[in-house]
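First the structure, then my questions, so here it is.
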Amino acid sequence: MESIQYYSTNLKADKVTFSEALLKGLAPDKGLFMPTEIPTFTDKEIKSFTQKEYYEIAFEIIKKFLVGQINDKELLALVKDAYNFKVPLEKGFDNKYVMRLDQGPTASFKDFAARMMGRLMNYYIKKENRKLLILTATSGDTGSAIANAFYGLDNIKVLVLFPYGEVTDRQRKQMTTLGNNIQTISLKGKFDDCQALVKEAFSDSDLDYLNLSSANSINIGRLIPQIVYYFYSFSRLRKPSQDKPDNVIFSVPSGNFGDMMGGVLAKKMGLPIKKFVISVNENDEFPVFLKTGNYNKIEPSKNCLSSAMNVGHPSNLARLVALYGGVMNEKGEISKEPDMDLMRKEIYSISVTDQATKEMIKEAYEEHNLLLEPHGSVGWKGLMEFCREYNISKDQLCISLETAHPAKFPDEIKEILKFDPKLPASLEGLEDKEEFFDNLDNDYSKFKEYLKYNY
Ligand SMILES: *Cc1c(COP(=O)(O)O)cnc(C)c1O
């Protein structure tokens with residue numbers, strides 16, 4: 001089989017191989033990389049997933065996108081190492097389930113993408129006998145997900161800059177207690193200062209020898225692993241007797257639309273998805289776009305309870321538009337209309353207010369014994385509204401994604417449900433671990449010296 005090429009959604013850059021797209025992150029024309037063809041599975045292959053473990057399904061899916069780019073044995077070792085945690089499916093009521101994507105090392109669904117991307121990057125870097133320094137600025141969550149995902153990889157080092165005093169104790173400890181190839185800087189400044197230093201380092205040619213890279217969230221290496229849990233959950237919940245499977249509705253709490261893009265790709269690969277419910281918070285640019293066909297970013301984005309979804313211009317929207325035959329650039333300007341009718345047929349989208357998010361946390365817990373945090377609550381609420389509006393039958397299989405662990409939002413849960421959620425094992429015992437980090441002034445020349453001295 002020939003290997004799949006990757007094109008840029010802005011259509012002004014050359015096509016590249018998977019490993020080039022992975023190591024570049026963003027295309028030179030500022031577009032996002034997408035596969036030129038989407039591989040498919042037969043019904044029989046999809047049925048065989050019922051007998052496979054999560055990592056084995058991940059292997060089958062990722063392999064299709066990396067034909068000729070990695071051998072089976074090596075890929076199998078990487079997925080087995082990346083996916084060593086559970087993916088629980090919890091029943092709400094009728095045939096409606098919550099998929100908990102919160103059992104990874106940072107208790108966020110971002111672990112699924114970041115762990116695989118880290119391992120793939122390490123694999124290609126090592127093959128070329130190179131080393132890489134990942135530089136990342138964080139206001140809390142991204143840094144810990146990246147640090148944990150890359151922890152222990154031998155050819156990649158990670159340096160995280162966080163603003164002194166602006167991250168919570170738990171967020172800080174998730175980064176500073178790792179050690180090994182993970183180094184952290186507490187900067188006397190704000191998040192924007194951290195980001196400015198990182199940006200300046202990237203454009204400083206004196207530092208070319210360091211092979212700096214960003215573990216960018218729009219990397220194609222993060223998108224492909226997010227296809228897997230759609231296939232996995234369906235394989236566990238489908239009726240086993242049927243050769244030709246029934247279909248399923250997924251509800252995805254969304255911000256930058258990376259998660260939902262994994263689902264849309266799963267559908268194109270043959271997973272019988274009847275409808276996507278794309279649930280967003282009060283940043284409602286997408287539901288408005290779907291309804292009217294007019295796209296207007298929300299600037300600045302609104303601050304909502306589901307903070308990881310406070311996005312006024314989803315960075316992966318250009319990819320969705322591309323899959324429906326249109327062209328959207330990085331600024332959100334559409335030069336070719338996507339097929340809006342088809343999009344409306346396959347996707348339903350709804351904006352959920354903070355008030356409704358809180359009410360749903362209470363209702364889900366009291367009526368169905370489901371413990372949801374704000375992001376998962378937005379997803380579940382969207383599903384409930386869709387099922388009501390379209391009179392969806394009780395037997396219809398529906399799966400709503402829970403993207404973070406409730407214990408990461410103790411204040412909200414306590415206010416609404418009056419108890420403290422129990423910490424997942426991955427976050428336990430952090431208090432007692434030793435921290436390592438360096439303090440630095442907000443000054444580029446000092447930061448540069450630091451880089452030269454340490455790497
Ligand atoms: C990042 C994030 C989301 C949004 O995912 P996107 O892929 O950006 O749509 C939802 N919930 C949580 C907890 C997240 O961290």
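Every number for a ligand or one of its atoms is a count from 1 in the order of the listing.
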Pick out the protein N or O atoms lying less than 3.5 Å from any N or O of ligand 1, and list each pair with its distance.
from	atom 1	to	atom 2	distance (Å)
ligand 1	7 (O)	Gly258	N	3.1
ligand 1	7 (O)	Asp259	N	2.9
ligand 1	8 (O)	Asn256	N	2.7
ligand 1	9 (O)	Gly255	N	2.7
ligand 1	9 (O)	Asn256	N	3.2
ligand 1	9 (O)	Phe257	N	2.9
ligand 1	11 (N)	Thr403	OG1	2.7
ligand 1	15 (O)	Lys110	NZ	2.5

Check: residues 416-426 side-chain donor-acceptor pairs under 3.5 Å, at least two apart:
from	atom 1	to	atom 2	distance (Å)
Lys418	NZ	Glu415	O	2.8
Ser426	OG	Gly104	O	3.4

Pairing donors with acceptors under 3.5 angstrom, does anything connect the side chains of Arg222 and Asn219? no
Is there a donor in the side chain of Tyr348 and an acceptor in the side chain of Glu389, or the other way round, less than 3.5 Å apart? yes
Is the Phe49 ring parallel, tilted or perpendicular to the Phe231 ring (thresholds 30°, 60°)? perpendicular
Determine whether the aromatic ring centres of Phe33 and Tyr7 lie less than 6.0 Å apart. no
Lys345 to Phe276, cation-pi by 6.0 Å centre distance and 45° axis angle: no
